[in-house]
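Order of appearance sets the numbers: ligands from 1, and atoms from 1 within every ligand. FYI, side chains are in, hydrogens and waters are out, and symmetry mates aren't considered; it's all heavy atoms of this structure.
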Amino acid sequence: MPVVLKTAEELERMRIAGRLASEVLDFISPHVKPGVSTGKLNDLCHDYMVREQGTVPAPLNYAPPGYKPFPKSICTSVNHQVCHGVPGERVLKPGDILNIDITVIKDGYHGDCSRMFYVGEPSIQAQRLVDVTFECMWLGIRAVRAGARLGDIGAAIQAHAEKHGFSVVREFCGHGIGRKFHEEPQVLHYGKPGTGLTLQPGMTFTVEPMINAGKPGIRELADGWTIVTKDHSLSAQWEHTVAVTEQGYEVLTLSRGAAPAPA
Ligand code: MF3
Ligand code: CO
Ligand code: CO
């Protein structure tokens with residue numbers, strides 16, 4: 001399947017879906033505190049999406065080839081969980097770090113974004129990992145413009161992560177997005193400048209680096225979804241959906257509560 005270029009009308013719908021996804025994160029932020037379970041966060045987000053927004057939670061029953069249907073409406077990945085954490089009974093405690101990943105469908109189009117949250121006060125090391133991962137995402141986004149190559153994005157992310165002694169997860173990547181949750185191209189978070197697909201206006205994809213404090217290796221838990229670091233080191237992730245423009249990029253997953261881009 002080739003890369004789908006979006007028309008102006010489609011981009012308008014992607015903007016709406018993107019903003020709504022980001023607004024779910026705004027909504028859930030005050031609920032992320034010690035004592036809350038990840039299952040409760042899921043239920044609150046689910047109801048907000050379905051009842052308040054009229055959006056469809058894309059993860060619910062999502063079943064790519066080789067996977068069983070994802071049983072919940074959001075992903076919650078705590079501490080050494082890298083991504084695709086399945087919400088459940090786990091209760092958050094002070095010092096935990098948490099990624100919440102939201103994907104909504106509105107009017108046939110997907111918006112996909114995630115943020116890191118601190119439960120109580122983070123350790124210095126956790127804070128550094130979360131900050132560097134945020135910078136990695138933005139360095140990747142800032143490499144986006146018509147004529148740039150996919151490898152430019154990955155190289156910018158990898159260089160920054162490794163400069164700080166962290167490592168880039170290889171098995172999962174950003175992805176084209178639109179009518180489908182995951183479409184082409186694959187947006188690797190490592191690579192070489194000047195290599196890979198040339199970016200064109202109208203492409204829409206995510207940039208969502210997963211950065212480990214320790215080694216890059218991962219494994220999947222028996223639930224068939226949750227990914228953890230093999231060495232049990234902390235992992236962080238941030239995600240935006242972006243569109244390629246003539247001049248550069250447009251971030252589609254923005255809302256009042258989205259963290260501002262770094263200077
Ligand atoms: N939102 C994730 C991403 O950024 C995908 C989650 S798939 C799910 O690509 F089924 F776990 F929700
Ligand atoms: Co994504
Ligand atoms: Co996501």
Side-chain angles (χ1 to χ4, degrees), residues 3-4 14 17-26 28 38-39 41-43 45-46 49-50 55-78 81-88 98-106 109-117 133-134 136-137 140-141 144 150 153-154 157 168-189 203-211 218 220-228 235-243 251-255 258:
V3 173
V4 185
M14 296 281 298
R19 177 175 48 78
L20 288 163
S22 188
E23 284 176 352
V24 178
L25 290 167
D26 297 353
I28 203 62
T38 55
L41 297 176
N42 174 80
D43 296 350
C45 288
H46 177 93
M49 289 185 260
V50 172
T55 57
V56 174
L60 187 59
N61 296 316
Y62 183 61
Y67 287 82
K68 52 185 181 181
F70 192 79
K72 296 286 177 178
S73 297
I74 69 172
C75 297
T76 53
S77 304
V78 185
Q81 296 177 350
V82 173
C83 63
H84 303 168
V86 180
L98 168 74
N99 176 278
I100 302 181
D101 193 334
I102 301 291
T103 311
V104 305
I105 310 170
K106 182 71 168 183
Y109 286 82
H110 290 75
D112 186 9
C113 53
S114 79
R115 300 181 197 159
M116 293 301 297
F117 295 86
T133 305
F134 183 71
C136 283
M137 175 185 69
I141 291 172
V144 174
L150 274 181
I153 300 173
I157 292 168
V168 177
V169 172
R170 302 295 204 269
E171 290 83 350
F172 298 91
C173 56
H175 50 92
I177 180 168
R179 282 199 168 276
K180 295 208 307 199
F181 193 163
H182 294 102
E183 46 184 62
E184 287 191 51
Q186 293 194 21
V187 182
L188 302 185
H189 301 120
M203 287 181 179
T204 52
F205 53 78
T206 70
V207 178
E208 51 178 302
M210 283 141 275
I211 306 297
I218 55 141
E220 188 182 285
L221 296 189
D223 63 16
W225 276 103
T226 307
I227 304 297
V228 299
S235 188
Q237 179 178 30
W238 290 83
E239 177 175 24
H240 271 310
T241 299
V242 304
V251 177
L252 301 177
T253 38
L254 290 177
S255 61

(message) Working to 10°, measure the angle at the Co ion (ligand 2) formed by atom NE2 of H175 and atom OE2 of E208.
(response) 90°

(request) Answer yes or no: is there a donor N or O on one side and an acceptor on the other, between the side chain of N42 and the main chain of S73, under 3.5 Å? (result) yes

(request) Answer with yes or no whether the side chains of S255 and D26 bring together a donor and an acceptor at under 3.5 Å. (result) yes

(request) Might you point out which heavy atoms bring L20 and K106 nearest each other, and give the distance in Å? (result) CD1-CG, 3.7 Å

(request) Assert yes or no for the condition that the ring centre distance of H182 to Y62 is strictly below 6.0 Å. (result) yes

(message) For F70, give me all partners under ring pair (Phe, Tyr, Trp, His ring centres under 6.0 Å), at least two apart in sequence or on another chain.
(response) W225

(message) Strictly under 4.0 angstrom, heavy-atom based: which residues surround ligand 1?
(response) P59, Y62, F70, C75, H84, D101, T103, D112, H175, F181, H182, E208, W225, E239

(request) Could you tell me the angle subtended at the Co ion (ligand 3) by OD1 of D112 and OD1 of D101, rounded to 10°? (result) 90°

(message) Suppose we only count N/O/S atoms under 2.8 Å; would C113 qualify as near the Co ion (ligand 2)?
(response) no

(message) Among the N/O/S atoms of E239, which is closest to the Co ion (ligand 2)? Give the atom name.
(response) OE2

(message) When you compare the side chain of V168 with that of I211, does any pair of heavy atoms fall below 4.5 Å?
(response) yes

(message) I'd like to know if the side chain of R115 reaches the main chain of S22, judged simply by a donor and an acceptor atom lying under 3.5 Å from each other, with no hydrogens or angles considered.
(response) yes

(request) For E208 and H189, test the side chains for any donor-to-acceptor distance below 3.5 angstrom and give the result as yes or no. (result) no

